[in-house]
There are 2 protein chains.
Amino acid sequence: MSLRHALLGLLAHGPASGYDLTRAFDGSIGRYAWHAGHSRIYPELAKMTEAGQVVVEETGPRGRKTYALTDDGRLELRRWMLHWPEQTTVRDETVLRMFLVQSLEPEDARRLLEGIAAHCADRIAELRPLMDAEDAEHSPGAQVPFGRLAGEYGLRQYEAVHGWALWSLARLGATVPG
Amino acid sequence: MSLRHALLGLLAHGPASGYDLTRAFDGSIGRYAWHAGHSRIYPELAKMTEAGQVVVEETGPRGRKTYALTDDGRLELRRWMLHWPEQTTVRDETVLRMFLVQSLEPEDARRLLEGIAAHCADRIAELRPLMDAEDAEHSPGAQVPFGRLAGEYGLRQYEAVHGWALWSLARLGATVPG
DNA sequence: CGGCACATGTAAGTAGTTACATGATTGG
DNA sequence: CCAATCATGTAACTACTTACATGTGCCG
């Protein structure tokens with residue numbers, strides 16, 4: 001039931017509507033961690049309200065309902081963040097492809113790995129300047145901007161995959177020289 | 001429908017029964033990439049048989065059915081491996097927790113990050129010698145053993161997360177010195 | 001005043017989890 | 001002979017996706 005915790009976590013930064021939360025999932029949290037569409041979010045917010053973890057703090061124009069965490073919600077978020085189960089849910093198509101690289105013919109595998117390496121290099125070239133710019137603005141001692149840790153994680157992720165793809169290419173290349 | 005492709009990928013290494021495949025998902029592929037239990041695997045194998053992507057190659061004792069890829073199955077696997085959609089499915093509780101670190105009180109965040117760093121260090125200490133041993137046995141020019149690329153990926157993953165946790169601690173530490 | 005972004009919901013179908021159910025072989 | 005492991009399946013429930021459905025306020 002991690003959708004609930006994703007919502008609690010997002011609401012911990014401040015009140016938001018179902019619409020706001022839906023847009024948040026279209027960003028990096030949805031691309032790297034957990035995705036949800038509005039058709040799941042609205043019913044879940046209703047259940048969370050029933051469970052007393054969130055409340056409708058404000059009703060705006062166009063029927064907008066702004067949800068805020070309750071103490072119970074914050075408590076549940078903290079419990080979940082600090083208490084990791086043995087086995088956590090993972091479902092990642094990209095990692096699955098990496099696991100199955102060796103099921104391809106060597107030429108296909110090489111082409112795939114080259115594609116991965118190039119893709120990672122592009123994303124790194126895109127992300128690194130963004131992070132650096134954010135850090136330049138950031139005065140030491142001030143609060144770390146939301147998303148900065150996640151952004152750094154994404155960047156290091158790409159760097160790791162990039163390094164892995166190059167390593168794998170070298171490793172496979174040895175089997176079919178020339 | 002990635003379960004299907006996970007099964008096709010596993011069967012690409014050789015014929016296996018539903019039981020074998022179930023055990024495979026309890027290993028690293030299930031922990032890092034995609035998990036499935038037997039109650040999903042058996043119906044999916046039945047559908048794949050109907051679709052002509054696998055065949056029951058052999059029936060053994062205790063009703064064991066050994067499945068093998070057909071040409072169609074291998075073709076579909078290759079298509080899926082080489083053709084990446086814009087947005088791939090991701091659902092990862094651990095990464096979600098990383099995204100939400102900043103929703104915790106600074107002391108909680110620090111404790112969590114310290115826990116992550118320690119956990120990663122343990123896994124790295126465990127994996128590195130395994131990989132090195134495998135590489136020592138591996139004669140240059142021979143086929144790379146199955147799982148070696150995935151293992152390296154896992155290792156680099158842990159290293160990346162480890163580095164990220166330390167970086168984040170330093171970053172957060174600046175806001176609450178002492 | 002029209003188009004777009006805002007805003008919320010439900011319904012139908014698919015995928016995945018947990019629990020139920022059963023039986024065969026093998027090794028000690 | 002009995003316990004563990006092998007081996008396959010179904011049922012009930014929950015979660016998720018895709019499509020359907022509707023209406024509002026704001027900006028140009």
Side-chain angles (χ1 to χ4, degrees), chain A residues 1-8 10-11 15-27 29-31 33-51 54-67 80 85-93 96, chain B residues 1-8 10-11 15-27 29-31 33-51 54-67 80 85-93 96:
Chain A
M1 213 178 15
S2 288
L3 169 59
R4 174 160 306 194
H5 299 106
L7 293 171
L8 290 170
L10 290 170
L11 287 172
S17 68
Y19 188 83
D20 295 336
L21 294 164
T22 303
R23 280 184 318 175
F25 280 108
D26 289 335
I29 198 169
R31 274 203 305 286
W34 204 277
H35 191 266
H38 79 273
S39 66
R40 278 284 303 148
I41 291 167
Y42 289 117
E44 190 65 28
L45 285 170
K47 275 196 210 166
M48 289 161 77
T49 304
E50 211 182 332
V54 297
V55 278
V56 178
E57 194 200 40
E58 193 188 315
T59 307
R62 291 187 266 209
R64 177 190 170 94
K65 295 184 205 166
T66 307
Y67 290 87
W80 179 81
E86 298 280 301
Q87 178 139 350
T88 60
T89 301
V90 180
R91 188 164 298 151
D92 191 322
E93 266 188 41
L96 182 56
Chain B
M1 213 180 14
S2 288
L3 169 60
R4 175 161 306 194
H5 298 107
L7 293 171
L8 290 170
L10 290 171
L11 288 172
S17 68
Y19 188 82
D20 296 336
L21 294 165
T22 302
R23 281 184 316 174
F25 279 108
D26 289 334
I29 198 169
R31 274 203 304 285
W34 204 277
H35 190 265
H38 79 275
S39 67
R40 279 283 305 147
I41 292 168
Y42 290 116
E44 191 63 29
L45 286 169
K47 275 197 209 165
M48 290 162 78
T49 304
E50 210 181 334
V54 297
V55 279
V56 177
E57 195 200 40
E58 194 187 314
T59 306
R62 292 187 263 211
R64 176 191 171 93
K65 295 184 205 168
T66 308
Y67 289 87
W80 179 81
E86 299 280 299
Q87 178 140 350
T88 59
T89 302
V90 180
R91 187 162 297 150
D92 191 321
E93 266 187 42
L96 181 57

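Proteins get letters first, then strands, A, B, ... in listed order; numbering begins at 1 in each.
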From CG of B:D26 across to P of C:dT17 the rounded distance in Å is 12 Å
What heavy-atom pair brings B:A16 and B:L11 nearest, and what distance separates the two atoms? N-CD2, 3.6 Å
Using side-chain heavy atoms (C-beta onward) and a distance below 4.5 Å, is A:F25 in contact with A:L3? yes
Closest contact, heavy atoms only, A:R31 versus B:V90: O-CG2, 3.4 Å
In whole angstroms, the gap separating C1' of C:dT8 from CG of A:L21 amounts to 13 Å
Polar atom pairs (N or O), protein with nucleotides 18-20 of chain D, under 3.5 Å:
unit_1, atom_1, unit_2, atom_2, d
D:dT18, O4, A:S39, OG, 2.5

Report the distance from atom CG of A:L96 to atom P of C:dA15, rounded to the nearest whole Å. 15 Å
Exercise: identify the closest heavy-atom pair between A:D92 and B:W34: N-CE3, 3.7 Å
With sequence neighbours excluded, tell me which residues meet side chain to side chain contact (heavy atoms under 4.5 Å, CB included) with B:S39. none
If every non-hydrogen atom of B:L96 is compared with every non-hydrogen atom of A:S2, which pair is closest and at what distance? CD2-O, 3.8 Å
I need the CE-C1' distance between A:M1 and C:dT18, as an integer number of Å. 15 Å
Both B:T66 and B:T89 contact DNA chain D. Which one's nearest nucleotide lies toward the 5' end? B:T66
Rounded to whole Å, CG of B:D92 lies from C1' of D:dC16 at a distance of 17 Å
The bend of the helix from C:dC1-D:dG28 to C:dG28-D:dC1, taken between the axes of its five terminal pairs at each end and rounded to 10°, is 30°
Nucleotide C:dG16, atom C1' - distance to CD of A:Q87 in whole Å: 14 Å
Nearest-Å distance, CD1 (B:I41) to P (D:dT8)? 10 Å
Heavy-atom nearest pair, B:A36 first then B:I41, reads O-CD1, 3.9 Å
Do any side-chain nitrogens or oxygens of B:K47 fall under 4.0 Å of OP1 or OP2 in C:dA15? yes
For nucleotides 3-7 of chain C, which of its nitrogen or oxygen atoms have a protein nitrogen or oxygen under 3.5 Å away, and what is each distance?
unit_1, atom_1, unit_2, atom_2, d
C:dC6, OP1, A:R23, NH1, 3.4
C:dC6, OP2, A:Y19, OH, 2.5
C:dC6, O5', A:Y19, OH, 3.3
C:dC6, O4', A:R62, NH1, 3.4
C:dA7, OP1, A:R64, NH1, 3.4
C:dA7, OP2, A:R64, NH1, 2.9

Residues B:T89 and A:E93: side-chain donor-acceptor under 3.5 angstrom: yes
With sequence neighbours left out, the residues meeting ring pair (Phe, Tyr, Trp, His ring centres under 6.0 Å) with A:H35 are none
In whole Å, I'd like the distance from the CH2 atom of A:W34 to the C1' atom of D:dT17. 15 Å
For A:L10 and A:A24, the nearest pair of non-hydrogen atoms, with its separation, is CD1-CB, 4.0 Å
Residues that A:R23 engages under side chain to side chain donor-acceptor pair (under 3.5 Å), provided they are two or more places apart: A:D20
